[in-house]
Amino acid sequence: MRIVTWNINSLRLRLPLLAEVIRHLAPDVICLQETKVPDPLFPEKALAELGYPYFVRKGMKGYNGVAILSRYPLVASEDTPDWCEKGDCRHVAATIATDSGPVEIHDFYVPAGGDIPDPEANPKYAHKLAFVDEVTAWFANHHKTRSVIVGDLNIAPLEHDVWSHKQLLDVVSHTPPETTRLNAWLETGFVDAMRHFVPPGEKLYTWWSYRNRDWSASNRGRRLDHVWITPDLKPSLTGMTVVREARDWASPSDHVPVVVDLAV
DNA sequence: ATGGTGGAAAGTCCA
């Protein structure tokens with residue numbers, strides 16, 4: 001099973017780029033974030049024509065929005081909470097049958113958290129911390145097997161998940177309150193599938209800001225997008241690719257797709 | 001220290 005996760009930053013605007021992703025990578029499952037499309041306007045027909053007639057999506061006007069697209073039938077998970085009671089379309093989950101049994105996939109878009117790393121001064125940062133706390137408590141109480149968590153988690157947890165650990169310790173996405181929380185979430189029962197392939201001492205990024213003249217030359221990236229799996233899936237983990245070249249496509253997203261292969 | 005760019009949508013808000 002090939003899974004792609006991508007913060008597409010507008011599904012409707014970047015449908016042609018999604019078609020390229022599909023043509024080059026032929027994923028079985030595509031998890032999208034920041035679809036920015038209300039459910040009634042979801043481009044269901046175009047996605048079916050691209051080979052993905054099965055989906056679960058949660059979208060709203062203007063912001064946020066997540067979707068899981070699949071070549072194969074899926075069953076939407078209905079037991080996921082409304083995090084922080086905001087109804088803001090940041091999580092969908094579904095189960096997909098494979099030859100070796102069902103796999104559950106969670107697709108998350110964690111709040112970015114604004115600019116000021118102080119929960120008293122910045123309600124967006126407070127929301128981000130509370131969101132991760134809630135999700136962590138939920139996963140701690142829902143023991144999972146054969147599960148995958150993917151998405152834009154908006155936190156770069158390791159020193160080499162950012163271009164400068166020291167310079168970013170005060171920058172939302174890499175502050176200790178965030179990285180500590182992300183690690184606690186991971187430790188509810190998951191393994192970092194990307195770092196299984198790329199050692200923690202090596203730089204690894206999935207996002208480069210739009211606000212940069214030459215993203216590639218400055219290379220001030222961060223690893224905000226993640227793939228986690230339950231340990232029972234670890235023997236099935238056969239590959240992982242960060243599609244860095246996608247950042248140079250015409251009208252790119254600021255995030256690039258991440259591919260993971262599971263022999264299930 | 002500031003501002004840099006991009007998407008949605010028609011104000012600004014969000015990233």
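Both backbone and side-chain heavy atoms feed into the values below; hydrogens, waters and symmetry mates do not.
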Given the [atom1] atoms of [N] and [M], what is the spacing between them in whole Å?
N	M	atom1	answer
dG11(B)	dG7(B)	C1'	15 Å
dA10(B)	dC14(B)	P	15 Å
dA1(B)	dT12(B)	C1'	24 Å
dA15(B)	dA9(B)	C1'	15 Å

Name the closest nucleotide to the [X] side chain, picking from [options].
X	options	result
Lys36(A)	dA15(B), dC14(B), dA8(B)	dA8(B)
Arg14(A)	dA8(B), dA10(B), dG6(B)	dG6(B)
Tyr63(A)	dA15(B), dA8(B), dC13(B)	dC13(B)
Lys61(A)	dA9(B), dG7(B), dA15(B)	dA9(B)

Rounded interatomic separation in angstrom, taking [atom1] from [X] and [atom2] from [N]:
X	N	atom1	atom2	result
Glu34(A)	dA9(B)	CD	P	13 Å
Gln167(A)	dA1(B)	CD	P	13 Å
Ile8(A)	dG6(B)	CD1	P	17 Å
Asn7(A)	dA15(B)	CG	P	11 Å
Trp207(A)	dA15(B)	CH2	P	12 Å

TODO: Look at the side-chain N and O atoms of Arg220(A) and state whether any lies under 4.0 Å from the OP1 or OP2 oxygen of dG4(B).
DONE: no
Open item on the list: Counting the atoms with a prime plus P, OP1 and OP2 as sugar-phosphate, which does Arg90(A) contact under 4.0 Å by heavy atoms, base, sugar-phosphate, or nothing?
Closed with: sugar-phosphate
Over 60° means perpendicular and under 30° means parallel, so classify the ring planes of [Y] and [X], tilted if in between.
X	Y	value
His127(A)	Phe131(A)	perpendicular
Phe139(A)	His106(A)	perpendicular
Trp228(A)	Phe190(A)	tilted

- [ ] May I ask you to verify whether the side chain of Arg211(A) and the base of dA15(B) hold a donor-acceptor pair under 3.5 Å?
- [x] yes
Task: Selection residues 74-86 of chain A - residue pairs positive for salt bridge (charged side-chain N to carboxylate O under 4.0 Å, His left out), sequence neighbours left out - done: none
Task: Over all atoms of both residues, closest heavy-atom pair of Tyr52(A) and Asp28(A) - done: CE2-O, 3.9 Å
